[in-house]
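A quick write-up on the structure given underneath.
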There are 2 protein chains.
Amino acid sequence: MPYDPSAFPHFAVTVDLVVLTVRRHALCALAVRRGEPPYPGRWALPGGFVRADEDLAAAAARELEEETGLRAHAPSQPALPNAAHLEQLATYGDPQRDPRMRVVSVAHLALAPDLPAPRAGGDAHSVRWAPVDDLLDQDTAFRHDAEVSAPLAFDHARILADGVERARSKIEYSSLATAFCPQEFTVGELRRVYEAVWGVALDPRNFHRKVTGTPGFLVPTGGTTTRQGGRPAQLFRAGGATVLNPPMLRPEV
Amino acid sequence: MPYDPSAFPHFAVTVDLVVLTVRRHALCALAVRRGEPPYPGRWALPGGFVRADEDLAAAAARELEEETGLRAHAPSQPALPNAAHLEQLATYGDPQRDPRMRVVSVAHLALAPDLPAPRAGGDAHSVRWAPVDDLLDQDTAFRHDAEVSAPLAFDHARILADGVERARSKIEYSSLATAFCPQEFTVGELRRVYEAVWGVALDPRNFHRKVTGTPGFLVPTGGTTTRQGGRPAQLFRAGGATVLNPPMLRPEV
DNA sequence: CCAAAAGTGTTGAACATACACCCATGT
DNA sequence: ACATGGGTGTATGTTCAACACTTTTGG
């Protein structure tokens, strides 16, 4: 079927990734250092062009694997080892957002357990996990001891902020916080995820009762561990439940 | 700055609109009948191409005004007369979703008060409000008395379902339900919005206490009305609060 | 008077917080 | 022994669902 290609404008379409993990009690995002203009030397979110016959989710999964080695798994699928939660976040299409040309970027949000080390992708640019506070907050970004020293390239600060906000609100009413944990984890480890993502302290006793009392949230594996020190803790896997009812309550700020 | 346009694939970018309203106790969506191939004669969501120098939100607002005469207002802005809530929903980019070419569609969700009548836009194709159940449910869609008789064109059934789901969950924890009401409304009218969107019955007494007891949700205007019959009811405007804490509770299904 | 919708009071169950207290390990 | 994190019990307050009851209109 013929169609006049001059009847509509042409766009480039990219996917950008907000990849979040919890490291050393802080919520961190994956950042790559740009080599080429525009914004050479600045940190940015990983991402790339969508291919001609590629679905948006497939493009996001491909970029995720290129940058981290993680495979994506669809929501409510058994958590495989080396797999991350991946979902569409939002789309950014300001005509001026890329100085080269008109680019519409479909941002995705990925949540991953703490990984041994970020691995350089097919292109060997530098990659690192940076605390989101350093990436977003101007004051800390310009502190001399901060490892990032300028705002993110393009509109990536906005995209990252939206991704963080999505993660913060979603762990409230879904079991998504388990995506930050390894396959087997303790209640205390899960609690530290909530504390890092929300930036608050939670009562360990009430948290324990809450998560173990929500049917389908956690499944005991039978094993125990003392990797956190102290009394051995039961190990759990994520259960089948995806929505939490009643939700976890985020304390007032 | 030169850039090689053959280095990346070209896409067409459209906006599609899920415009919802509550009419005669039912949640309804705006549908347009297609004149041209593909899917001639089938119902579809309103939408169109994003222009070369147009932001995504601006394109959605333009299409909304062309189809309905409604202006869009940003979140948490005073509700103007003839203005609708508009927000980005999600982006759909399956390579096969449009048989003509590669089209990425950025769907938006609009919530509007019940309007006198849908008005034909710049192009004079037919437009109507259809109950979302008729548009989505195969069984009712093929009943002889249903006014729509085939599934929506393209992947619009999926987009509509996602928009309805977004609206259903958002009125739970935000004051968005007021976007379905006229500027001044009663507690009973607001309750009927929740009942239509969720498809449930709510206790009028508890609902009244809940919404009037949430600070910033409703502001009394001083007036009263008996347009629903019975004892005169106070009139309210939407207050400044956008998030509802605690949320409205959707009864179990 | 009766029907209909608005609004208030009350009660018992569910759930949240705060915190006292005990348990099982490593050093 | 003691520090550390895991886990249970219990008191107190808040919120919610259910429903009896009163108020103010139209017919």
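Fair warning: this is a prediction, and the values are worked out from it, not measured in the lab. Order of the sequence lines fixes the chain letters, A, B, ..., with proteins taken first and strands second; residue numbering starts at 1 for each chain. Worth knowing before you read on, the calculation uses all heavy atoms, side chains too, and leaves out hydrogens, waters and symmetry mates.
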> Quick check: does any side chain N or O of H25(A) sit under 3.5 Å from a backbone N or O of R23(A), one acting as donor and the other as acceptor?
Replying inline: no

>> Any non-hydrogen side-chain atom of H85(A) less than 4.5 Å from a side-chain atom of L176(A)?
In response: yes

> For P232(A), what residues pass the side-chain contact (heavy atoms from CB on, under 4.5 Å) criterion, not counting sequence neighbours?
Replying inline: T224(A), T226(A)

> Testing L64(B), L89(B), T68(B), L109(B) for side-chain contact (heavy atoms from CB on, under 4.5 Å) with L17(B), which one passes?
Replying inline: L64(B)

>> For Y92(B), run the side chain to side chain donor-acceptor pair (under 3.5 Å) check against D155(B), D16(B), D162(B) and tell me which one passes.
In response: D162(B)

> Under 3.5 Å, side chain of T21(B) to main-chain N/O of C28(B), donor-acceptor pair present?
Replying inline: no

> For residues 205-230 of chain A, which residue pairs qualify under ring pair (Phe, Tyr, Trp, His ring centres under 6.0 Å), counting only residues two or more places apart or in two chains?
Replying inline: Y194(A)-F207(A)

>> Within residues 215-236 of chain A, which residues have any heavy atom lying less than 4.0 Å from an atom of DNA chain C?
In response: G230(A), R231(A), P232(A)

> Below 4.5 Å, heavy atoms only, C-beta onward: do V127(B) and E67(B) meet side chain to side chain?
Replying inline: yes

>> So, OP1 or OP2 of dG7(D): does either fall under 4.0 Å of a side-chain N or O from H208(A)?
In response: yes

> What are the bounds, 5' to 3', of the part of DNA chain C that sits under 4.0 Å from heavy atoms of chain B?
Replying inline: dA4(C) to dT10(C)

>> Does anything in residues 185-200 of chain B come within less than 4.0 Å of DNA chain C? Heavy atoms only, and list the residues if so.
In response: G188(B), R191(B), R192(B)

>> Is it the case that the side chain of W198(B) and the backbone of R168(B) share a donor-acceptor pair, with hydrogens and angles ignored and the cut-off at 3.5 Å?
In response: yes

>> Protein within reach of the bases, or only the backbone? For nucleotides 9-19 of chain D, mark each nucleotide 5' to 3' as B, S or -, using heavy atoms under 4.0 Å.
In response: BB-----SBBB

> On the ring face of W129(A), is R24(A) found with NZ or CZ under 6.0 Å from the centre and within 45° of the axis?
Replying inline: no

> Less than 4.5 Å apart, any side-chain heavy atom of E63(B) and any of P46(B)?
Replying inline: no

> Is there side-chain contact between E87(B) and R166(B), with heavy atoms separated by less than 4.5 Å?
Replying inline: yes

